[in-house]
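Naming: A, B, ... by sequence-line order, numbering from 1 per chain.
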Amino acid sequence: MAELSTRYNPKEIESRLYEFWESGGFFKPKPDAVPPDGVRWERASAYTVVIPPPNVTGILHMGHALNNTLQDILVRWHRMKGEPTLWVPGTDHAGIATQNVVEKKLEKEGKKRQDLGREKFIEEVWKWKEEHGTTITKQLRRLGASCDWSRERFTMDEGLSKAVREAFTQLYEKGLIYQGNYIINWCPRCQTALSDEEAPSTETEGKLYYYYYLVKDPKTGKLSREGAPLIATTRPETMLGDSAVAVNPKDGRYKNLEKLEIYLPLQNRPLKVIRDDFVDPEFGTGVVKVTPAHDPNDFEMGIRHQLEQRNILTPDGRINEKGKPYEGLDRFEARMKIIEDLKAAGLFEKEVPHRHAVPHCYRCHTVVEPYLSKQWFVKMKPLAEKALKAHATGKVKITPERWNKVYTNWLENIRDWCISRQIWWGHPIPVKGDPDVLDTWFSSWLWPFSTLGWPEETEDLKRFYPTSDLVTAPEILFFWVARMIMAGLEFMGEVPFKNVLIHGTVRAQSGLKMSKSLGNAIDPIEVIDEVGADALRLSLVMLAAQDVYLSKEKFEVGKNFTNKLWNAARFSFLNLKDFKAGEFDPGLDFKKLTPVNRWILSRLEETALEVEFNLKRFALAQAATGLYHFVWGKFCDWYIELVKPTLTGPDCREKEETEKVLFTVLDQILRLLHPWAPFITEELWQKLKEFAKDKSDWPPSLMLAAWPHVEKRRFEDKASEESFKVLEQAVGGIRELRADLNLPPGQALSAVIRYRNKAAHEALLVFQKEIQKLARLDSLELKGEFKRTAAYVGHAASEVEVFIQIEGVIDREKEKARLEKKIEEVERYLDSIRKKLENPNFRRNAPEELVVEEEGKLLEQEALLKTLREHYELFK
RNA sequence: GGGCGAAUAGCUCAGCCGGCUAGAGCACUCGGCUUACAUCCGAGAGGUCACAGGUUCGAAUCCUGUUUCGCCCACCA
C-alpha cells in the first residue's frame, strides 16, 4: 500500500470519491433489496426523504449546508441498514426571486422585461436556468449529499406542471378555489400580490399624524374645522380613498357625530359617519378614517356598512385619477405633499412618533401596500381540518416537540390562501385569458408526491410514498410543511411524511441571520476548500442541537478530528501490513482475548448502541459527540497507546490477535462515522479493505456496507471495564505526580502502587506492564516496601494508592502543602456524604441503590483520607 | 398585544425521567517533537448553574414570579 500522508488532505479525495459513488449508482435505492425473512421489501420499509428544494437562483449557504448534512446523515444511515433508500433532489423555480434575477440581468443590458414581451422574457428565464440553475446542485455534491440525481426534479418541469394543473382542477371542482375582489398585500415594485407569509412585518419607527376633517355649516354651506373630528393616521395619503369616518358605538364623546355633515379636506368630498365595534376609543382620538380599498380592517368595515371602495393607487404605487390633485405622485411623495397642504389649510394638528409593524416584501423589502384587486384564493379551512386531525392522531410527528403547538395554532387560525401572482415566471393559472401565475408554493406543496410521478400512478409513487422524514428549518413551517401535509391528505389521502425534523437557524456569531447583504455570511464552499466537507459537516452537526451561531474558528473541531481519525488509521495500516483478515470473527473468541482487547470491543459496542439510540430520536448532535469521544478519548488516547508495544514488537499470538481486533474496531468506527463524514471514512475503508483476505462479501463502497447494528450484545465485558478504571487511576496518579512535582522529562522514576481490594490487585497484575509503559516508569512494585534512601510522594484514588520514590531530595514543604490541599478536599466531600447519610429522611425516601452507593463512597473516601494523612505524617 | 425559546467556565455549548465532587470543545497556564498525529501528547487553573421565592430527604433540572436577550404570530388606524 502506498504510504498515507501524515496530514489528512481532503482535496485529493473528495471529488474522486463523489464521482465513484455517483457513477457507481450507489445513490439509487436498491431495486431488489431483500430483508432477512426473504419477503420482498414492502412499501413501508422503504426510507424516503425529499429535499427541501433550494431556489434555482440560490447559492449554497450555511443553512443549506446544515439542512442537507442532516438529511444526508439520516439517508446514509438508513441506506447502510439495508433499507431501500431514496433521497429525491430538485430545485424550486422560485417565481419572484428568479424573475428578479433575470430582470436585473436585463437591466444591465439596458433592457426591461416589458421590452421583450412575456414570451421572450420567459425564454430568457429558461435560458438563465439552463446556464446557472446547476450551481446549487453542484454545490450539494461538494457537500457529499447522496441524492439520487437520476430522479432530480424542477418545480416547472413537465411532470410537475401537470401535477399543478391537476391539483388546481381538483380543488376547483370541489369548490375550494374562488376568485374575488379582496384586499391583499401588494408589492408596488414587483407589482404582484403577496401572501401574508411573503409580507413579513418589521417594527418600524413611524409617525402618527393628527389632523382635522371638515364640517359643513348647514346654514352657510361653508366647510370648516369648527366642531369637526380630529383623526389620527399613519398613512395620510390614503385619505384620498376615504369613504367614511367611524367611531365606537359606545363612545360617548361623539354622540352627535352623525348629525354633522363630514367632509374630506383637500378633496372636499362628503363622507359617511358610521359606528363600528372595531374602533378602539382608546387609540388616537377614537375617530377612524375608513379607507376600504387600502386597509384590511377598513375593507371589512366597508363590507359591513356598504361603503364605496375607492382605489386611489396605480399598480406601481402612484396616486391615480381618483386622487386628484395628487395624481401621478408616488405614495410617499403624496404623503408629504398632503401634510404640507393640510398645514397650509390650518387643519394639521400634530405628529407624534409611533412604533408600528409595517409589512415588507420578502424579496425586495419594499413597503407592501394593502391593495384591492381581483385574486384567486384557496379555501383553507377544509384542508386544515384534515391536517389537524392527521396530526392529532399521530400520523405526523414534529421534532422537537415544542413546534407541534406552533403548527396546530397556525392551522386553527388559518386564512384563505391567495394563490395568484401578477408576474410572468411561474405556472399559468389554467383558466382562459387569465394572465396571472400561481404562487410558487402552489407547486412546492405537492413536492413529496409530484416528484414521485403524481398524478400518474407510478411505481415510485407506490414504493416511496408516503416519505419518511422531512428535515427543514423553522422558517418554512407554514409556507411549506403545513401546506404539504394538507396537500398530501387532499390529493393522496395520506400524510406526505411521518416525521418532521426541525433544526436550528444558522446565524452569524453576532446573532444576526447570516446573509450576503449583511456581509456576515460564511461561504460553506470556502470552508470545504479549507478544511474539507467532512470537517464542515461534523462541526455543523455537533453545534446544531439548537440555533447555530457560527464563526470560522468553529470548524476547527471537525478539522482536527478528521486529521486525528486519519492518523489513527494511518498508524493501524502501518502495523497491519502483514495481516490477512477475512476469516476472523472476534465474537467467536471474545472470552479468550486479552483484557485490553476485550475492553475496547466492549466500549465499541456500547458506543454503537448509543449512536443508534440517538439517531433514532433525531439527536444527531449527541450521536456525533459520542462517537467523537470514543474515537479520540478511548480508541486513540488509550487503546492505540496500550497496544503499541505489542504491535511493534516481535510476532506472537497476542500480536496477531491484537491486529485482528484493531482491524475490527477500525472497520466499525469507519462504518459508524460514515453518515457524518462520508469522504474520509470511505477513503480509509477502501484502504482497510486491502488487508482483508477474502473480500468477496465486501460491498464496493462503505456507503453500502452493513451498519453496526447491535441486536444482542456480543462483546460485553464489565470486568475488563472495571479493571480499566484501575489502570486509568494508576496511570493518571503517576502522571499527576510527575506534573505536580515538575519533574524533568528524563527523570528516572520508580513507583509503588498499593491496592485496596482484591479486584484492584487483579487489575494491577493484569495491566502492570501497560501501566509501566504509559506512565513511563523504570520500575513498578505492587504493594512494595519503601526504600529508606528515597523520598516519597503519594497520590490516592478510590481503589489504588500510588507512590513514587525519588532518589535524592524533594521539596518537603511543597509536598506538605500539596497533601494539605488534598486532605482538605476529601474532608469536605466526606462531610457532604456524612450529612446526607445522617439525614433519616434520606434513608427513608431515597432509593435503596442510592443509599448503598453513598455508603460505598463513604468507605472509599475514608480509606483515601487515611492514606493521605499517613503520608502527610511522613513529611511532618 | 399574544405565543415560544434561551440564560451553566473568558467564548460556544452538553447536562434525558430531580440523586455519580456540574461536563466538553476553543481560549488560558505549566511540562513535553514519547518511532500515527505539534491539526499532537500529559497535567492544571477557571462556575454562588440570570435573580427571588416555593415543592422535596435532595433542585442546574420541577412550579411561581422578576429581569435580560432572541424568534414567531397579530388588523389597533
Practice prompt. State which residues pass side-chain contact (heavy atoms from CB on, under 4.5 Å) with A/Thr6; sequence neighbours excluded, sorted by chain then number.
Written response: A/Arg570
Worksheet item: Taking only residues two or more places apart in sequence, or in another chain, which ones meet A/Tyr254 in a ring-ring contact (aromatic ring centres under 6.0 Å, His included)?
Response: none
Worksheet item: Of all residues at least two apart in sequence or in a different chain, which pass the side-chain contact (heavy atoms from CB on, under 4.5 Å) check with A/Lys835?
Response: none
Worksheet item: Taking only residues two or more places apart in sequence, or in another chain, which ones meet A/Thr238 in a side-chain contact (heavy atoms from CB on, under 4.5 Å)?
Response: A/Arg235, A/Lys289, A/Thr291, A/His294
Worksheet entry | Results of salt bridge (charged side-chain N to carboxylate O under 4.0 Å, His left out) for A/Glu12 - residues two or more places apart only | none
Worksheet entry | Nucleic acid contacts of residues 830-842 of chain A, taken as heavy-atom distances under 4.0 Å to RNA chain B | A/Asn839, A/Asn841, A/Phe842
Discussion item. Among residues at least two apart in sequence or on other chains, which ones pass ring-ring contact (aromatic ring centres under 6.0 Å, His included) with A/Phe618?
Written reply: none
Item to complete: Pick base, sugar-phosphate or nothing for A/Pro370, based on heavy-atom distances below 4.0 Å to the nucleic acid.
Response: nothing
Practice prompt. Check every strand shown and say whether A/Glu827 touches a base, only sugar-phosphate, or nothing at a heavy-atom separation below 4.0 Å.
Written response: nothing
Discussion item. I'd like to check the ring-ring contact (aromatic ring centres under 6.0 Å, His included) partners of A/Trp676; sequence neighbours left out, ordered by chain and number.
Written reply: none
Item to complete: Would you classify A/His354 as touching base, sugar-phosphate or nothing, given that sugar-phosphate means primed atoms plus P, OP1 and OP2, and contacts are heavy atoms under 4.0 Å?
Response: sugar-phosphate
Worksheet item: How would RNA chain B look in dot-bracket form, 5' to 3', counting Watson-Crick and G-U wobble pairs with both distances under 3.5 Å and writing | for bases paired to another strand?
Response: (((((((..((((.....[...)))).(((((.......))))).....(((((..]....))))))))))))....
Worksheet item: Can you list the residues that meet the side-chain contact (heavy atoms from CB on, under 4.5 Å) rule with A/Ala863, with sequence neighbours excluded?
Response: A/Arg756
Discussion item. Restricting to ring-ring contact (aromatic ring centres under 6.0 Å, His included), what partner residues turn up for A/Trp638, sequence neighbours left out?
Written reply: A/Phe724
Heteroatom pairs (N/O) under 3.5 angstrom, protein to nucleotides 35-40 of chain B:
from, atom 1, to, atom 2, distance (Å)
B/A36, OP1, A/Lys644, NZ, 3.1
B/A36, O3', A/Arg570, NH1, 3.3
B/A36, O2', A/Asn567, OD1, 2.6
B/A36, O2', A/Arg570, NH1, 2.4
B/A36, N7, A/Lys644, NZ, 3.4
B/A36, N6, A/Cys636, O, 3.4
B/A36, N6, A/Glu641, OE2, 2.9
B/A36, N3, A/Asn567, O, 3.1
B/A36, N3, A/Ala568, N, 3.3
B/C37, O4', A/Asn567, OD1, 2.9
B/C37, O4', A/Asn567, ND2, 3.4
B/C37, O2', A/Asn563, ND2, 3.2
B/C37, O2, A/Lys564, NZ, 3.1
B/C37, N3, A/Lys564, NZ, 2.7
B/U39, OP1, A/Arg7, NH2, 3.4
B/U39, O4', A/Asn560, OD1, 3.4
B/U39, O2', A/Asn563, ND2, 3.0
B/C40, OP1, A/Asn560, ND2, 3.4
B/C40, O3', A/Lys564, NZ, 3.2

Fill in: Residue-phosphate contact under 4.0 Å: A/Arg735 side-chain N/O, B/C41 OP1/OP2
no
Fill in: Single hit among A/Gln729, A/Gln861, A/Lys857 for side-chain hydrogen bond (donor to acceptor under 3.5 Å, both in side chains) with A/Ser798
A/Gln729
